[in-house]
Structures are given as structure tokens and as C-alpha cells.
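To start, the structure under review is shown below, and the notes come after it.
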2 protein chains.
Amino acid sequence: MKCDYCTGECSHKLCMHKVPIFSSLSPEEMSHISSIIKHNSYQRGEVLFSEGDSLSSLIIINEGSVKGFKITPEGREQILHVFSEGDFFGERNLFGGQQSAYTAEALEPTKTCVFTKDAFYKMLFAHPGIAVKIIETLEDRIARMESTMQSMGVRSLDGRIGGLLLDFADKYGETVPEGILIRLPLSREGIANFLGVARETVSRKLGQLESEGVIRPVGNKTILLLDGETLKAMTGKDS
Amino acid sequence: MKCDYCTGECSHKLCMHKVPIFSSLSPEEMSHISSIIKHNSYQRGEVLFSEGDSLSSLIIINEGSVKGFKITPEGREQILHVFSEGDFFGERNLFGGQQSAYTAEALEPTKTCVFTKDAFYKMLFAHPGIAVKIIETLEDRIARMESTMQSMGVRSLDGRIGGLLLDFADKYGETVPEGILIRLPLSREGIANFLGVARETVSRKLGQLESEGVIRPVGNKTILLLDGETLKAMTGKDS
DNA sequence: ACATATCTGTGATTGTAATCAAATTTTGGA
DNA sequence: TCCAAAATTTGATTACAATCACAGATATGT
């Protein structure tokens with residue numbers, strides 16, 4: 001791993017280097033703070049914390065991805081967030097919130113860095129610039145949620161699924177000659193649980209989009225987006 | 001109007017007194033800041049700003065309420081936020097965001113207070129405690145959006161509508177002997193546009209909830225929630 | 001208080017997605 | 001590489017909500 005602050009290769013694997021909220025810190029500040037961070041690893045399917053838990057720590061993803069979800073009265077998962085490398089969460093418990101509003105579960109092997117509440121508050125008051133960074137990050141999160149809500153609100157199912165694909169393309173897409181290659185963080189069932197629709201419907205609609213030449217699935221976990229413009233028109237995200 | 005900082009009645013109508021993010025300021029700081037705030041009034045239906053506008057100000061609602069929405073490709077409004085007294089918005093434009101992600105329109109006669117970007121940044125660095133307050137407020141907003149997403153994701157329509165009613169009860173409800181009296185910020189059509197369903201369906205489902213004895217509509221703009229427990233069970237919000 | 005414009009409720013029909021039930025493909029571990 | 005488990009696709013049927021059409025109720029301004 002290479003980073004902006006160390007010469008040559010970094011061996012310490014400081015998650016901080018991947019996290020925008022710490023980008024305003026000097027190397028010295030970073031290494032001081034890194035000394036008060038704890039590390040954890042999780043396997044796919046492992047639960048980081050459950051809805052209602054009163055944990056008091058900020059969790060930063062160093063590697064991997066995590067879904068945040070609730071169980072609906074119908075017994076289905078409603079996914080609320082998908083967090084990946086560099087994202088942080090759990091912060092609500094640090095700022096006034098009492099209990100976790102959702103369960104967090106690793107979607108793949110995941111490594112995290114953990115701040116305790118005390119460590120975090122100390123840092124916050126010592127480095128006010130971080131607060132602004134946090135606000136910016138929360139704004140990004142709100143913007144992402146707004147985008148998801150817009151996708152969910154579209155009445156036509158193709159539009160909803162297309163909207164989610166665009167969101168994922170934005171966050172997980174890699175531009176290749178033919179279009180945008182999207183490594184999906186969620187399975188078909190996960191997508192269904194994000195949008196609140198049936199798993200089978202997701203399959204059918206993706207099949208439809210494929211036959212229209214808009215996408216080309218590459219295995220189950222990757223989709224090649226060939227015609228983003230059509231999707232944008234379907235979802236109203238052509239702004 | 002009465003406030004914690006002035007003896008007797010306040011005549012200056014400082015919106016700051018209603019806004020949690022300023023609660024950590026001293027009276028002197030408040031009156032200094034109030035001198036750099038601008039005021040605006042809007043009629044019902046008037047647009048404060050439109051999607052894509054690059055405004056650079058923080059808007060605080062002093063009186064009234066405002067909806068934030070986008071237009072879906074189907075031509076329908078997708079409501080993303082309902083802001084009311086004490087809420088602030090537009091802040092994304094202050095923190096890195098470039099353009100407004102939605103259109104803001106007054107739902108009723110509304111008075112606002114406006115911070116310019118410069119004034120706001122000065123205040124932020126002079127009073128670091130405000131940053132923490134802002135983070136807390138954004139966390140609340142995220143929590144509210146999570147709740148809305150959960151409502152939207154419930155498959156059964158009664159559940160979705162019930163979830164929204166609970167959200168509104170939380171924010172706009174007043175406890176009365178018979179239950180909770182909710183002054184709805186949105187019309188039936190507004191509710192439909194929030195949830196992404198048809199207006200008629202909202203009517204039908206509310207009618208159904210009425211015949212089940214869960215709610216009692218009082219005119220078009222008020223609903224008396226008689227049996228919150230049933231709603232909570234329907235929506236999974238009984239945590 | 002009245003009148004008009006807007007909003008809301010109800011019925012009939014249609015369209016779309018949920019559900020149930022297998023068959024098939026993909027994936028990850030031995 | 002192969003095998004078993006998991007995930008996905010596909011088909012048939014059913015249930016539910018969207019739509020269209022209009023009647024009725026509410027609200028707002030004069």
C-alpha cells in the first residue's frame with residue numbers, strides 16, 4: 001500500500017489514510033491518532049452490531065463492505081446503507097444518538113478501525129477542521145440517500161432498478177472501453193431488499209435491460225453498463 | 001414570543017432562538033450573529049430555489065414549512081424532505097456541494113432566515129461548538145431519512161402509509177386524551193408523492209385505517225391517531 | 001357567508017409485480 | 001478440478017395497486 005504521507009510502501013496499513021475526514025491532518029497528527037485506534041476483522045455474514053445495541057464507537061472501513069439494515073414486519077430485510085472502503089458509520093452513537101438504528105453485517109471479508117467515543121471527542125476538539133470534514137461527509141451521505149429515495153420513489157420498477165444501478169456505477173463503477181464496469185456490492189436479493197421489491201422481479205427487470213442492450217451481466221457480481229444514457233432517462237438522473 | 005435569553009417578550013423575532021444549532025451560544029454571540037442574518041417571506045407554493053441552482057446560503061425556517069422535491073421521469077414530484085420550523089437546509093451548498101439537488105417550495109406562508117456562506121464560515125470557526133451541533137442535526141436528518149426509507153421499503157401499502165403517519169406523529173403530533181393529533185404538513189397528494197404511490201391509493205388506505213379504528217381524519221389536514229400500536233406493528237417501528 | 005377552485009373519495013377496469021414452484025447457473029471450498 | 005450449496009432465472013398464477021372517470025367534500029378569498 002502506498003500513501004501520501006509515507007515514503008515508499010506503508011506497512012502499518014493505517015486506515016486513516018483512506019479516510020477523507022482525516023485528510024486535513026499532518027503526518028504527526030495522523031500517527032498520534034492512529035495509536036489510539038483499534039482494529040477488527042469480520043467474515044462475510046458476520047454482524048458488527050445489531051439494531052438497538054448501544055455501542056459508542058465510530059467505525060471506519062479499511063477494507064471490504066458492510067450493509068446496514070432493519071427487519072420489516074413482513075420479515076424481509078430493508079437495507080438502508082451500503083458502506084465500503086473509507087466510509088465510516090456508527091457515528092450517530094457518538095453524537096447524541098442512543099442506540100443503533102440498524103444492524104450492520106459484513107458483505108465480504110472486512111477490516112475496520114474503531115474509535116472510542118472519548119478518543120474521538122478529544123480529536124474533534126483538538127482538530128476543528130475534522131468537524132467540517134465530517135459535515136461534508138454526512139452531506140455526501142445525505143445526498144446518496146436522497147438519490148436512493150428518488151430511485152425508490154420512481155413508480156416503474158425498471159426505473160427504480162436503473163436508478164440503483166446508476167448509484168452503484170457512481171460509487172463502484174470503473175470506466176472501461178465498452179462502458180462502466182460495476183462490481184455490485186449486493187446480490188440480486190440484496191438489491192431487492194434495498195428497493196423493497198421481490199428478488200424475482202429484480203432478475204426479470206435486469207434480464208429485460210440486458211435484452212434491450214442497456215447492460216450486460218458478467219457473472220452474478222458484476223454488471224457492464226453499456227448505455228448509461230438510457231438509464232438516466234428512465235430515472236430522471238440526467239441532470 | 002418568549003425566549004430563554006431575553007427578559008419578557010422578544011420583539012426581534014430572532015429565528016436563532018428556535019434553532020438547536022445555536023443553542024450553545026451566549027446572548028451576546030447570538031445578537032452579534034443575528035445582525036448578519038437576512039430575512040425572507042414566501043407564500044404557499046412559492047419556490048425558494050430550484051433543483052440545479054447554485055445558491056450559497058444556509059436557510060433556516062422561522063415559521064411555516066417547506067418541501068424539497070425532484071421531478072421523476074414520469075413527471076411526478078418525488079418529495080425528499082419536509083422541513084419545518086427550526087429546520088435548516090441548503091447547507092450542502094456551503095460544504096463542498098455545488099448545486100441544489102432539489103427544488104424547495106413553501107407548503108404554507110413561510111418566513112426564513114438566511115446566512116451567507118461567508119458569515120456562516122466565520123461563525124463556524126469562531127464557535128466550534130456549533131459544528132458539533134450541526135453534526136448532531138444532520139444525524140437527526142439522516143435518522144429521519146432512514147425512517148422514511150424504511151417506510152418506503154415496506155412492501156404492503158398500508159405499512160408504508162402507516163410508517164409515514166408515525167414519522168409525522170413524531171414530528172408534528174400533539175398528545176391529546178384520545179391519542180395523537182397530527183397536523184399533516186402534506187396533502188393526500190403530497191403523501192402520495194412522498195411515498196411514490198397514487199393519490200387514490202392513499203385515500204383508500206387511509207379509509208381502511210379509519211374503518212379499522214386506527215385513525216380518525218379531522219378535516220383534510222389533521223388526523224387523529226387512535227391506535228399507534230397497531231401502526232407500529234404494521235411498520236416494524238415498535239422498537 | 002358565499003362561491004369557486006382545489007382537493008379528496010369511490011367505483012370499474014387494466015396492468016404490473018408478488019407469489020409459488022421448479023430448473024438452471026454460479027460460486028466457493030475440498 | 002470437481003462437487004455441493006447457494007444464488008439466480010424462468011414460468012404460471014394470483015393479488016394488488018395504478019389508472020381512468022366522476023361525484024362529493026373542503027378550503028380559500030372576497
Side-chain angles (χ1 to χ4, degrees), chain A residues 43-46 67 72-78 105-109 151-162 164 183-211 215-223 234, chain B residues 43-46 64 67 72-79 105-109 151-162 164 183-211 215-223 234:
Chain A
Q43 295 169 6
R44 168 197 166 87
E46 211 173 335
K67 68 179 170 185
T72 70
E74 296 137 335
R76 195 177 53 77
E77 261 182 37
Q78 175 62 46
E105 182 186 315
L107 289 168
E108 55 187 319
S151 298
M152 292 175 81
V154 171
R155 286 242 249 292
S156 78
L157 256 273
D158 342 27
R160 281 202 240 175
I161 290 169
L164 195 63
R183 261 203 82 76
L184 298 172
L186 296 175
S187 65
R188 302 298 137 101
E189 178 149 33
I191 292 172
N193 286 339
F194 207 168
L195 294 173
V197 301
R199 189 188 69 252
E200 297 92 324
T201 306
V202 174
S203 281
R204 277 187 250 269
K205 290 300 175 184
L206 286 178
Q208 185 186 320
L209 287 173
E210 183 182 6
S211 67
I215 62 170
R216 179 159 68 238
V218 183
N220 279 340
K221 293 191 165 169
T222 314
I223 281 182
M234 282 167 54
Chain B
Q43 296 169 8
R44 169 196 165 86
E46 212 173 332
K67 67 179 170 185
T72 71
E74 296 137 334
R76 196 178 53 78
E77 264 182 34
Q78 176 61 46
I79 295 179
E105 182 185 315
L107 289 167
E108 55 188 318
S151 299
M152 291 176 80
V154 172
R155 285 244 248 295
S156 78
L157 257 272
D158 340 29
R160 281 202 240 174
I161 291 169
L164 194 64
R183 261 204 83 75
L184 297 172
L186 295 174
S187 65
R188 302 298 138 103
E189 178 149 33
I191 292 171
N193 285 339
F194 207 166
L195 293 173
V197 300
R199 179 181 53 76
E200 296 92 324
T201 306
V202 174
S203 282
R204 278 188 251 266
K205 290 299 175 185
L206 286 177
Q208 186 187 318
L209 287 173
E210 182 181 7
S211 67
I215 60 169
R216 179 158 68 237
V218 184
N220 280 339
K221 293 191 165 170
T222 313
I223 280 181
M234 283 168 52

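The structure presented is a predicted model; accordingly, all values stated were derived computationally and were not measured. Note on naming: letters A, B, ... go to the chains in the order of the sequence lines (proteins, then strands), and numbering restarts at 1 for each one.
In this structure, the side chain of Arg76(B) does not engage the main chain of Val197(B) through any donor-acceptor pair within 3.5 Å. No donor-acceptor pair under 3.5 Å is formed between the side chain of Gln208(B) and the backbone N or O of Asp158(B). Using modelled atom types, one side-chain atom of Gln78(A) and one backbone atom of Phe194(A) make a donor-acceptor pair closer than 3.5 Å. Between the side chain of Glu74(B) and the main chain of Ser156(A), a donor-acceptor pair closer than 3.5 Å is present.
Within the model, atoms CD1 of Ile161(B) and CZ of Arg204(B) stand 11.0 Å from one another, a figure rounded to the nearest 0.5 Å.
Counting non-hydrogen atoms under 4.0 angstrom, Ser187(B) reaches the backbone sugars and phosphates but no base. Using a 4.0 Å heavy-atom distance criterion, Val197(A) is classed as a sugar-phosphate-only contact.
The distance between atom CD of Gln208(A) and atom P of dT8(D), rounded to the nearest whole Å, is 19 Å. At whole-Å resolution of the value, CG in Leu206(A) and P in dA17(C) are 13 Å apart. Between Glu108(B) atom CD and dG29(D) atom P the separation is 13 Å, expressed in whole Å. With rounding to whole Å, Asp158(A) atom CG is found 16 Å from dG15(C) atom P. Following rounding to the nearest Å, Leu157(B) (CG) and dA15(D) (C1') show an atom-to-atom distance of 13 Å. Here the P atom of nucleotide dA18(C) and the CZ atom of Arg188(A) are 16 Å apart, to the nearest Å. For the pair Glu77(A) CD and dA7(D) C1', the computed distance is 15 Å after rounding to whole Å. For Glu189(A) and dA5(D), the CD to C1' distance is 15 Å, given to the nearest whole Å.
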* To do: Run the numbers on Glu77(A) and Lys67(A) for side-chain contact (heavy atoms from CB on, under 4.5 Å), then give the verdict.
  => CA-CA 11 Å; Glu77(A) 261 182 37; Lys67(A) 68 179 170 185; 3.1 Å; yes
* Asked: When you look at Arg160(A) and Thr201(A), which way does the side-chain contact (heavy atoms from CB on, under 4.5 Å) test go after all the steps?
  -> CA-CA 11 Å; Arg160(A) 281 202 240 175; Thr201(A) 306; over 6 Å; no
* Sugar-phosphate atoms are those with a prime plus P, OP1 and OP2; base atoms are the rest. Using that split, label each nucleotide of nucleotides 19-30 of chain C B, S or - for protein heavy atoms under 4.0 Å, 5' to 3'. => BB-----SSS--
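Contact between the side-chain N/O atoms of Lys205(A) and the OP1/OP2 oxygens of dA17(C) is found at a separation under 4.0 Å.
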